[in-house]
Protein chains: 2
Amino acid sequence: MKRICVVEDEELVREELSSMLEKSGYIVSTVDSFDDVTSDILKSSPDLVLLDINLPNMSGFQICRELKNKSSVPVVILTSRDDLRDELNALELGADEFMTKPYRKERLLLRISNVLKRYEGRSNLIEGPGFLLDKLTYTLYIDGTSVILPKNQGKIIEVLLRKRGEEVSRQEISEEVWGTSEFIDENALQVNLTRLKKTMASLNMNCTVVAVRGKGYKIVELEE
Amino acid sequence: MKRICVVEDEELVREELSSMLEKSGYIVSTVDSFDDVTSDILKSSPDLVLLDINLPNMSGFQICRELKNKSSVPVVILTSRDDLRDELNALELGADEFMTKPYRKERLLLRISNVLKRYEGRSNLIEGPGFLLDKLTYTLYIDGTSVILPKNQGKIIEVLLRKRGEEVSRQEISEEVWGTSEFIDENALQVNLTRLKKTMASLNMNCTVVAVRGKGYKIVELEE
DNA sequence: AATTGAACTTACATCCGATGTAAGGAAACC
DNA sequence: GGTTTCCTTACATCGGATGTAAGTTCAATT
């Protein structure tokens, strides 16, 4: 059962969409206040967001951008204007589909199920500079190929990615890799870091891990 | 530089599409005979296929199906009829986009670049019933999670998937797993097959591997 | 239902990649 | 220059994946 969040201010349309989606077997949530929409949306942890462009307070584009920054949820955009610039805009912001009203029921449903299918298995991916990482398997996707990282290297790069760009203390890394209770073996950590750097280099990644003296480590992009 | 193969029988339209795509920085190939279209298309190893539905000899749908069976190239379908059934049909066959003529130039280009973007890093995935398999890492994507298969199990499931549904001889499987020159150890193969079945079951996959007495093995979907 | 070959199961041995350990070397900071 | 911090290398160990062996179940044929 997939969850869909409908973001639409006109109650009539919202009701219609909801009932249609529910009939098709989706679990539907909606947002009623439009103050802090993105958080509201993400609270229901939807598998997909159906987003109207013309909303009070904030433009749909803005919401789309925020959603894509904070999460990797797929977004389908609805609009009443058939404007190419809107579409261009939307897709550049990372929207996954773009439909103009009046929509045909079946077509909308089709597009939705299509987007969902496309996203299958992608919910565990986190994004790094120029690559994707699967948090479950530590599979690294980079320029059309994929490689599996050894568990420890995967854990390290994951914790570094979570604080993208900011430094992470050895302590934090150790906790991620071996669990908090254990004694922290500085050396083992060191060796694993070296190994990670080596694999990153051998993959020609455009980023690497650098030490911040006395503080910890961080990921930095490197320009050639 | 991405390569696009344009499949369209009307010369005028074909020319127009080609020049448009070339202006946008794509390398365009076309097919002139319509006898063995799919092989012709794949010979140019395109990054995307732009496919007209109404063609001599074979329907565009048929071509789409064959393309998707033999490869994982993305397909964008063009049609002059604005028929929802066509669209449904096309998307079920695995088409990635569907556009009705007359198309707006910019919109078509947008969709194409979008599909290409979507495929980045996905070229190693092959589709099975209810799951995806990364051919490089043997990572299995299934209901929103991912698991890494042991190499041998991965190789076996890969060769079975290539002939989706059809039986594959032990010989073929052995060649895939150990290479053709080696002596084929029936027993080792047997054990690995058992292991694969076990992992598939433990993942609650809706398909399994069955023996075809005297012939080999095949993947079948199982209804509960 | 007895036979027979095909298909399967289980337990154990081996191997190889991933990880940990140890000791010494380079770099940055004062 | 001395000290601290960070890094490198080689080797030992461990565990999951694979191979091996022996025996059991299944199903087609008579």
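Each chain gets a letter, A, B and so on, in the order the sequences are listed, and its residues count up from 1.
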Look up atom CG in B:N152 and atom CG in B:L193, then write down how far apart they are to the nearest 0.5 Å.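 The CG atom of B:L193 is 10.5 Å from CG of B:N152, to the nearest 0.5 Å.
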>> Checking contacts here: which listed nucleotide (D:dC7, D:dA21, C:dA7) is nearest the side-chain heavy atoms of A:Y217?
In response: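 The listed nucleotide nearest to A:Y217's side chain is D:dC7.
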Of C:dT19, D:dT8, C:dA11, the nucleotide closest to the side chain of A:V191 is D:dT8
Check: Roughly how many Å is it from CG in B:D185 to C1' in D:dA22, rounded to a whole number?
Finding: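 Value for this atom pair: 14 Å.
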With a 4.0 Å cutoff (strictly under), does any side-chain N or O of [X] reach OP1 or OP2 of [N]?
X: B:T194; N: C:dT9; value: yes
X: B:R195; N: C:dT9; value: no
X: B:W178; N: D:dT18; value: no
X: B:N192; N: D:dG19; value: yes
X: B:Q190; N: C:dA7; value: no

Worksheet item: When all nucleic acid strands are considered with a 4.0 Å heavy-atom cut-off, which category describes B:N187: base, sugar-phosphate, or nothing?
Response: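 Counting heavy atoms under 4.0 Å across all strands, the contact made by B:N187 includes a base.
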Item to complete: Before accepting this row, confirm whether a basic side-chain N of the pair A:R107/A:E97 lies closer than 4.0 Å to the acidic partner's carboxylate O.
Response: no
By nearest-nucleotide position on DNA chain D, the 5'-leaning member of B:Q153 and A:G216 is A:G216
Assert: residue with more 5' nearest nucleotide on DNA chain D, out of B:V177 and A:K198, is A:K198
Test your reading of the model: is there a side-chain donor-acceptor pair from B:R3 to the backbone of B:S29, 3.5 Å cut-off?
no
Review point. Is it the case that B:T137 and A:T139 place a side-chain donor and acceptor less than 3.5 Å from each other?
Key: no
Quiz item: Pick the nucleotide of DNA chain C nearest each of A:I148 and A:R213; which residue has the one closer to the 5' end?
Solution: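 Result: A:I148.
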